[in-house]
Amino acid sequence: MLKVYNTLTRSQEEFKTIEPHKVRMYVCGPTVYDHAHIGHGRTYIVYDCILRYLTYKGYEVKYVRNITDIDDKIIKRANDEGVVFSEISETYTASYNEDMANLGLLPPAVSPQATTTIKGIIQFIETLIQKGHAYASDGDVYFSIPACKEYGKLSRRRTEDLKVGARVFPGEKKKDPLDFALWKKAKPEEPSWDSPWGKGRPGWHIECSAMAKEHLGESIDIHAGGQDLIFPHHENEIAQSEAANEAQFATYWFHNGFVNINKEKMSKSLGNMVNLKKLLSKFHAEAIKFYMLSFHYRSPIDFSDGAMEEAARGLDRMYRVLLSVPPSPEKVEPEGSFRERFEEAMDDDFNSAKAMGVLFEMVKEINRLQRKKETLAQAGAMKDLFVELGGVLGLFQANPEEYFKNRPAEGDLDATKVEQLIAERAEARREKNFDRADQIRDELTAMNVVVEDSPEGTSWRIKG
RNA sequence: GGCGACGUACCCAAGUGGUAAGGGAGCGGUCUGCAAAACCGCCAUUCGCCAGUUCGACCCUGGCCGUCGCCUCCA
């Protein structure tokens with residue numbers, strides 16, 4: 001039985017969908033004003049894993065992950081660079097999509113953009129005004145917090161507490177300091193769309209409510225995102241959606257932990273941002289996934305190069321199994337309770353760290369079984385299960401040979417040259433000229449190539 | 001100030017009211033021309049500190065110390 005932690009109730013609950021065997025899942029995507037960093041990477045890796053596990057469990061999942069392509073930060077960046085806002089949003093949307101693909105994440109069923117949902121957003125706002133939850137004010141439209149009794153139920157904040165720090169700034173047209181903008185009147189030179197309130201653009205929170213409704217309906221099973229979105233973003237989404245639809249917005253709210261650098265939050269001002277593309281150039285995509293999934297998704301991660309390298313070594317150990325064990329000739333469920341234990345871990349609020357422990361135990365068992373001819377078939381059967389379960393975490397999607405040879409390495413490696421040296425070394429070894437053989441190995445080591453001899457011959461890989 | 005999270009071996013990291021998964025590193029061994037990989041063995045009497053509840057707590061309660069996050073844009 002799958003149990004999940006729900007931020008809304010702050011407790012673990014049995015997972016029950018609105019419609020049997022179907023899951024409607026919405027994940028807040030990025031605001032595309034810069035390249036994605038590893039924090040984005042973690043978030044989308046985590047929900048990719050959850051998507052895969054739900055699918056493994058037999059659910060038909062409709063996964064929606066939006067792109068916020070109109071926002072203050074985008075406009076600011078466009079102004080700084082003297083280009084139109086769409087140039088910024090298009091550039092970084094493409095960059096983001098490229099990163100997601102390179103990470104090997106399953107594409108969402110729909111990846112809606114704010115700028116193509118304007119009609120739905122306007123309708124949504126009109127509904128809120130009609131129902132008395134929003135008001136127009138000189139070209140802006142605000143959501144009215146005093147009219148919203150349950151406001152604060154997700155973040156567990158009381159409106160009285162929030163008011164202490166909030167105030168209305170000059171130029172704002174709010175009735176209450178906590179009211180937030182649904183529609184923002186366009187300033188001169190700003191990108192804008194026509195609306196019943198004049199030219200303007202949508203506020204950040206309303207777009208997610210509108211996109212979720214358009215693609216998944218009024219009530220959804222899972223709404224997820226980084227834990228920083230709990231307040232105000234998700235709190236506001238709940239307020240809008242439940243006021244407009246008069247139905248529960250999302251049953252389960254998942255929030256993943258942050259990626260910190262040296263125990264500090266990544267931020268531009270601290271200059272400690274770790275760019276996802278840069279990381280992908282240094283490590284195999286699956287090593288990054290492996291690293292992220294070796295933590296519980298709700299825990300913070302203190303990222304370090306050392307830990308990342310360690311993860312890469314761990315994944316190497318797993319891939320070595322894929323390389324060395326022949327596939328089972330027929331599909332048989334191997335002995336042992338590995339599948340059960342893997343599911344038990346994942347059923348426990350997607351405990352991928354625990355599930356990876358099971359995977360490592362399988363590595364040891366497979367290696368044991370493959371040492372003897374009489375148990376080689378069993379090793380193959382277990383390897384098949386190993387690959388299947390690893391696949392649920394998004395791992396083992398690469399060809400093992402290529403994994404070891406095409407991995408990111410310092411500089412370019414001339415594979416032909418390597419093969420040539422290996423052949424030469426094999427010849428030297430045949431002639432028992434071990435001095436020459438070791439000399440060649442040293443040469444290869446200098447090229448970051450590890451040579452391994454076995455009864456079947458010599459293989460090589462790039463040192464991880 | 002309000003809300004919240006965390007503190008487990010050298011490092012990373014799961015975890016449970018009944019006595020600590022897994023990985024990395026290290027050490028010893030098997031194998032190997034040498035190595036690598038793999039396998040076998042060793043590696044926390046102890047889970048920030050103190051008190052309480054309990055037959056029994058690392059896991060429950062309270063206090064303290066430390067680290068961090070949200071409350072303004074943020075995955």
Side-chain angles (χ1 to χ4, degrees), chain A residues 7 10 27-31 33-34 36-47 68 71-73 76 152 155-158 160-166 169 204 224-233 235 255-260 263-268 276 290-291 294-296 298-304 306-318 320-321 323-324 341 345 348 351-372 428-429 432-435 437-438 441-442 445 450-455 458-461 463:
Chain A
T7 308
R10 307 282 159 119
V27 171
C28 284
T31 300
Y33 68 101
D34 203 346
H37 57 243
I38 53 172
H40 294 108
R42 179 192 193 179
T43 296
Y44 305 122
I45 286 168
V46 160
Y47 298 118
T68 298
D71 168 271
D72 290 349
K73 289 192 292 296
K76 184 181 182 303
S155 58
R156 308 236 160 166
R157 283 160 215 268
R158 289 172 306 175
E160 307 90 79
D161 293 337
L162 288 166
K163 275 182 184 165
V164 174
F169 291 94
W204 175 36
Q227 65 179 185
D228 55 318
L229 299 182
I230 295 173
F231 188 88
H233 187 54
E235 192 71 70
H255 294 97
N256 62 285
F258 261 43
V259 179
N260 301 316
K263 306 210 169 165
E264 279 178 310
K265 189 173 164 172
M266 261 193 294
S267 75
K268 291 227 164 113
L276 194 51
F290 181 102
Y291 178 69
S294 67
F295 301 77
H296 186 95
R298 285 188 282 112
S299 304
I301 293 180
D302 192 22
F303 181 86
S304 74
M308 183 63 233
E309 283 162 15
E310 201 177 278
R313 278 196 291 276
L315 185 63
D316 281 359
R317 179 164 153 82
M318 290 187 170
R320 252 177 241 125
V321 164
L323 202 60
S324 61
R341 291 177 52 221
D348 181 15
N351 193 333
S352 55
K354 198 176 186 178
M356 284 192 6
V358 176
L359 248 35
F360 271 115
E361 287 178 48
M362 293 182 78
V363 168
K364 185 167 279 188
E365 189 58 24
I366 295 165
N367 280 326
R368 258 185 220 135
L369 290 169
Q370 69 152 327
R371 308 182 103 218
K372 291 185 184 160
R429 289 182 72 216
K432 303 258 187 261
N433 183 355
F434 294 120
D435 285 345
D438 289 346
R441 189 211 294 282
D442 288 345
T445 304
V450 179
V451 180
E452 293 179 7
D453 298 318
S454 76
T458 299
S459 67
W460 64 277
R461 62 189 161 87
K463 192 169 183 297

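Note on naming: letters A, B, ... go to the chains in the order of the sequence lines (proteins, then strands), and numbering restarts at 1 for each one.
- Between the CD atom of A:Glu264 and the P atom of B:rA5 there is a distance of 22 Å, given to the nearest Å.
- Following rounding to the nearest Å, A:Arg158 (CZ) and B:rC3 (C1') show an atom-to-atom distance of 9 Å.
- Regarding A:Lys73, its NZ atom lies at a distance of 14 Å from the P atom of B:rU72, rounded to whole Å.
- In this structure, the CD atom of A:Glu309 is 12 Å from the P atom of B:rA25, given to the nearest Å.
- Between the side chain of A:Tyr47 and the backbone N or O of A:Asn256 there is at least one donor-acceptor pair closer than 3.5 Å.
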Can you check nucleotides 57-60 of chain B for protein contacts, nitrogen or oxygen pairs under 3.5 Å, and list what you find?
none

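- Under a 3.5 Å cut-off, the side chain of A:Gln227 and the backbone N or O of A:Gly257 do not form any donor-acceptor pair.
- Judged by distance alone, the side chain of A:Arg42 and the main-chain N or O of A:Phe258 form a donor-acceptor pair under 3.5 Å.
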Go along nucleotides 34-40 of chain B 5' to 3' and tag each nucleotide: B for a protein heavy atom under 4.0 Å from its base, S when only backbone or sugar atoms are that close, - otherwise. BBBSBSS
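- Both stacking criteria are satisfied for A:Phe258 over the base of B:rA75: a centre-to-centre distance under 5.5 angstrom and an angle between ring planes under 30 degrees.
- Between the side-chain ring of A:Phe434 and the base of B:rG33, a stacking contact exists by the 5.5 Å and 30° definition.
- Ion pairing of A:Arg368 with A:Glu365 is present here, as a side-chain N (NZ or NE/NH1/NH2) and a carboxylate O approach within less than 4.0 Å.
- Among the atoms of the strands shown, none is found under 4.0 Å from any heavy atom of A:Ser267.
- A straight line from CE of A:Met266 to C1' of B:rG69 spans 14 Å, rounded to a whole angstrom.
- Nucleotides B:rG15 and B:rA21, compared at atom P, are 13 Å apart to the nearest Å.
- Taking atom CZ on A:Arg341 and atom P on B:rG22, their separation rounds to 9 Å, with Å as the unit.
- Distance A:Arg298 CZ to B:rC70 P: 18 Å, rounded to the nearest Å.
- Within 4.0 Å (heavy atoms only), A:Arg313 reaches sugar-phosphate atoms of the nucleic acid but no base atom.
- Along RNA chain B, the nucleotide closest to A:Arg156 and the one closest to A:Gly357 are compared, and the more 5′ of them pairs with A:Arg156.
- Here the closest heavy-atom approach between residue A:Phe295 and residue A:Pro300 is recorded as CD2-O, 4.5 Å.
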What does the list of N/O pairs under 3.5 Å between the protein and nucleotides 11-15 of chain B look like, with a distance for each?
from   : atom 1 : to       : atom 2 : distance (Å)
B:rA14 : OP1    : A:His296 : N      : 3.0
B:rA14 : O3'    : A:Asn351 : ND2    : 2.9
B:rG15 : OP1    : A:Asn351 : ND2    : 2.8

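- Between A:Glu235 and A:Arg157, none of the side-chain N atoms (NZ, or NE/NH1/NH2) sits under 4.0 Å from a carboxylate O, so this pair counts as no salt bridge.
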